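The next block holds one structure in the form of structure tokens; read it before the comments.
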Amino acid sequence: MAFIDNEEINFPFMMSDVWWLRVSFLGDIFDKLNSLNLNLQGAQENIITISTKLKAFKEKLSLWNLNIAKENCIFSDGSRESIKIYYQKEVEETLTLLSASFDKCFPYLDVEKMEWVVNPFMHCEIQHLEEEMQENLIDLKNDLVFKRLFTEKELSEFWLCLNSKFPKLSNAAIESLLPFGSSYLCEQGFSTLTEMKSKKRERLQMIDEEMRLKFVCLLKMTTELLQIQKFNGDNFHLWKFQMKIILEAKDLLSITDGSEVKPEIEDIAKFSEWKKKDAKSKMLITTALEFKYLQQLVNCQTSAEMWKKLSTIYELKSETNKYLLQQRFFENIK
């Protein structure tokens, strides 16, 4: 406004209170839409969480429309009388059209039947599930070990860990979490391309290979875990050999075997990097075990503690078994 006054530019419509009320309303509603857009992004968002946020925004539109109808404006700083006289109907129509657009774009946002996937320990609707799955959910809900695991793991990771114990339940949950709820990963990939293809990296020739590597990096860990032979109580030395190769390839072996000591918390950068690597090691170890063996690791705080405990228990058993087999062999040849 100061610029316009100084330059003596004549825009009559800018002198209108109604015009500024409209600008104020549009500024506020776009701010709400931008906030919604940001809330729908992120690697941890899935089709269920996104649906609940969209459903909440649709209900807010109805609330705002109701407040406008009651002359209780929640957007502009203008007087209620101005809103009533000049553009109350205009705002109501805009909110109604916006709500109709949301209904058209997102007709199915009822995810009540999927609440058990987001939190299996809360009271939720499960009557639509098979009887076996209902019983599994009841077992899961009353197990304290699983409750603790749920607080420590990411949602998808938690359900993957349950695959050996409750395969049907785990598969149904993973199938619900797999669909892409937004274009976030695509946008992240193109942002990576923009960052990679710069003047500082003019020699970058194989852009397709570089981009493919970036796009698959989020799924790489999951794919590798599916290929790992899970420890089932037998052949611990072979399982340990397999895990050492995988951990070494990911530059995590020194963390897991304890040779890389935990840094002091005062050194924030080193401590943060160590924590990140330790978390990856713990995920690799726990996901490469059959579920019944996780109980032995519940009290372990680091990957090194897990590694040491497994080695202590099962390497001792292996040596004992060797000794017993040798004894039987020599007894039989006497």
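The chain is numbered in sequence order, starting from 1. Here the structure is a predicted model, which is why all the values come from computation and not from measurement.
Residues in residues 154-163 take part in these salt bridge (charged side-chain N to carboxylate O under 4.0 Å, His left out) pairs, two or more places apart or across chains: K153-E157. Sorted by first and then second residue, the ring pair (Phe, Tyr, Trp, His ring centres under 6.0 Å) pairs with a member in residues 137-158 read F121-F150, F146-F166, F146-F291, F150-F158; sequence neighbours excluded. Among pairs with a residue in residues 133-151, those fulfilling side-chain hydrogen bond (donor to acceptor under 3.5 Å, both in side chains) read R148-E152, at least two apart in sequence or across chains. Counting only residues at least two apart or in different chains, salt bridge (charged side-chain N to carboxylate O under 4.0 Å, His left out) contacts with residues 158-167 are absent. Judged as a salt bridge (charged side-chain N to carboxylate O under 4.0 Å, His left out), not a single pair has a partner in residues 113-129 (not counting sequence neighbours). For residues 249-274, the set of pairs meeting the ring pair (Phe, Tyr, Trp, His ring centres under 6.0 Å) definition, not counting sequence neighbours, is empty.
Qualifying side chain to side chain contact (heavy atoms under 4.5 Å, CB included) partners for E59, counting only residues two or more places apart in sequence or in other chains: K55. Shown here are the side chain to side chain contact (heavy atoms under 4.5 Å, CB included) partners of D251, two or more places apart in sequence or in another chain: K277. Residues meeting the side-chain hydrogen bond (donor to acceptor under 3.5 Å, both in side chains) test with T49, sequence neighbours left out: E45. With sequence neighbours left out, E93 forms a salt bridge (Lys or Arg N to Asp or Glu O under 4.0 Å) with no residue at all. Scanning for side chain to side chain contact (heavy atoms under 4.5 Å, CB included) contacts around K292 gives E290, with sequence neighbours left out.
Residues L169 and L162 have side chains not in contact (no heavy-atom distance under 4.5 Å, counting atoms from C-beta outward).
The environment of NE2 in H123 is sparse: at most 12 heavy-atom neighbours from other residues, nucleotides or ligands sit within 6.0 Å. Counting heavy-atom neighbours within 6.0 Å of L38 CG, excluding the residue itself, gives a total above 12. The neighbour count for K53 NZ, taken as heavy atoms of other residues, nucleotides or ligands under 6.0 Å away, is above 12.
Contact record, C300 with E305: CA-OE1, 3.4 Å, taken as the closest heavy-atom pair. A pairwise comparison of heavy atoms in Q296 and K309 identifies O-NZ, 3.0 Å as the closest pair. The minimum heavy-atom distance linking F25 with V91 is given by the pair CE1-CG1, 3.5 Å. Scanning all heavy atoms of the two residues, the minimum distance from N119 to M122 falls at O-CG, 3.1 Å. L289 and W239 get closest at one heavy-atom pair: CD2-CZ2, 3.8 Å. Taking each heavy atom of D278 and S303 in turn, the nearest pair found is OD1-OG, 2.6 Å.
Side chain of N37 to backbone of L33: no donor-acceptor contact under 3.5 angstrom is found. Between the W159 side chain and the V117 main chain, a donor and an acceptor come within less than 3.5 Å of each other. The main-chain N or O of S254 is found under 3.5 Å from a side-chain atom of S259 such that the two form a donor-acceptor pair. Looking at T287, its side chain never comes within 3.5 Å of a backbone N or O of L284 through a donor-acceptor pair. Although no hydrogens or angles enter the test, the distance criterion places no donor-acceptor pair under 3.5 Å between the side chain of D31 and the main chain of G27.
Between Y293 and F231, the two ring planes are tilted [angle within 30° to 60°].
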Enumerate donor-acceptor pairs with a distance under 3.5 Å from any side-chain N or O in residues 171-178 to protein atoms, sequence neighbours excluded.
from : atom 1 : to   : atom 2 : distance (Å)
N171 : OD1    : N163 : ND2    : 3.1
N171 : ND2    : P167 : O      : 3.1
S176 : OG     : A172 : O      : 3.0

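Expressed to the nearest 0.5 Å, how far NZ of K58 lies from CG of D103 amounts to 3.5 Å. One finds the OG atom of S51 at 9.0 Å from the CZ atom of F106 (value rounded to the nearest 0.5 Å). Put simply, NZ on K250 and NZ on K280 are 8.0 Å apart, with the number rounded to the nearest 0.5 Å. Put simply, CG on L144 and CG on L149 are 12.5 Å apart, with the number rounded to the nearest 0.5 Å. Distance check, rounded to the nearest 0.5 Å: CD1 of I246 to CD1 of I285 gives 11.0 Å. For the atom pair OH (Y314) and CG (N235), the distance works out to 13.5 Å, reported to the nearest 0.5 Å.
By the criterion of side-chain heavy atoms lying less than 4.5 angstrom apart, applied directly or through intervening Ile, Leu, Val, Met, Phe, Trp or Tyr residues, M243 is grouped together with I313 in one hydrophobic cluster. Criterion: ILVMFWY side-chain heavy atoms under 4.5 Å apart, direct or through other members. Under it, M133 and I138 are not part of a common hydrophobic cluster. L310 and L238 fall into different hydrophobic clusters, defined by Ile, Leu, Val, Met, Phe, Trp and Tyr side-chain heavy atoms under 4.5 Å apart, directly or through other members. Hydrophobic clustering keeps W64 apart from L97 (ILVMFWY residues linked when any side-chain heavy atoms are closer than 4.5 Å, directly or through intermediates).
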Query raised in the report: Does the side-chain contact (heavy atoms from CB on, under 4.5 Å) test come out yes or no for K32 and K60, once each step is laid out?
Result: CA-CA 10 Å; K32 300 286 186 183; K60 288 178 186 177; over 6 Å; no
Requested in this report: Go through L54 and L40 one step at a time and tell me if the side-chain contact (heavy atoms from CB on, under 4.5 Å) criterion holds.
Outcome: CA-CA 9 Å; L54 288 170; L40 299 182; 4.0 Å; yes
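The only option from I255, D257, L252 that meets the side-chain contact (heavy atoms from CB on, under 4.5 Å) definition with L247 turns out to be L252.
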